[in-house]
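Please read the structure below before turning to the comments.
For clarity, every value in this text was computed on a predicted model and none was experimentally measured. Positions are given from 1, in the same order as the sequence printed here.
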Amino acid sequence: SPLFTNAKITLSNGSVFEIKASNASEENKYIQSAILNGQKWEKAWFSHNDIKNGGKLILVMGNKPNKAWGNDANAVPPSANNR
């Protein structure tokens, strides 16, 4: 969980990747949903290709875990598929 509400990272190509954690606080530390570059994002990870040209990740935070978010079989990171 992010410990910040907003961060911007300048990539080596000059593009900016921004992360915004809406409603983040000590109490609201659980991700409820996410949007990456304007698209609903159901994974708890992203690849370099997803952000290499910059963009924006919006995390909506809440005070209870959303056990459905990032829990789909298609949301498994590639490294986990190699086991």
Of all heavy-atom pairs linking M61 and A21, the shortest is CG-CB, 4.1 Å
Minimum-distance pair of heavy atoms, taken over all atoms of L11 and K52 =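 Reported closest heavy-atom pair: CD1-O, 3.7 Å.
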Are any side-chain N or O atoms of W69 and backbone N or O atoms of W41, one a donor and one an acceptor, separated by less than 3.5 Å?
-> yes
For the pair N28 (side chain) and S25 (backbone), establish whether a donor and an acceptor sit closer than 3.5 Å, ignoring hydrogens and angles.
->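 No: the side chain of N28 does not pair with the backbone of S25.
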So how far is it from [X] [atom1] to [Y] [atom2], rounded to the nearest 0.5 Å?
X: I9; Y: I51; atom1: CD1; atom2: CD1; result: 6.5 Å
X: L59; Y: L36; atom1: CG; atom2: CG; result: 9.5 Å
X: N37; Y: N53; atom1: CG; atom2: CG; result: 9.0 Å
X: I19; Y: K56; atom1: CD1; atom2: NZ; result: 11.5 Å

Let me see the working for N66 and S33 under side-chain contact (heavy atoms from CB on, under 4.5 Å), right down to the final yes or no.
-> CA-CA 8 Å; N66 176 356; S33 63; 5.6 Å; no
Is there side-chain contact between V60 and I31, with at least one heavy-atom pair below 4.5 Å?
->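 V60 vs I31: side chains apart.
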Which residues satisfy the ring pair (Phe, Tyr, Trp, His ring centres under 6.0 Å) test with F17, sequence neighbours excluded?
-> F46
S15-N13 side chain donor-acceptor pair, cut-off 3.5 Å | yes
For K40, enumerate each residue passing the salt bridge (Lys or Arg N to Asp or Glu O under 4.0 Å) test, keeping only those at least two apart in sequence or located in another chain.
-> E42
In residues 1-8, what donor-acceptor pairs under 3.5 Å come from side-chain atoms, sequence neighbours left out?
unit_1, atom_1, unit_2, atom_2, d
S1, OG, K29, O, 2.3
N6, ND2, E18, OE2, 2.7

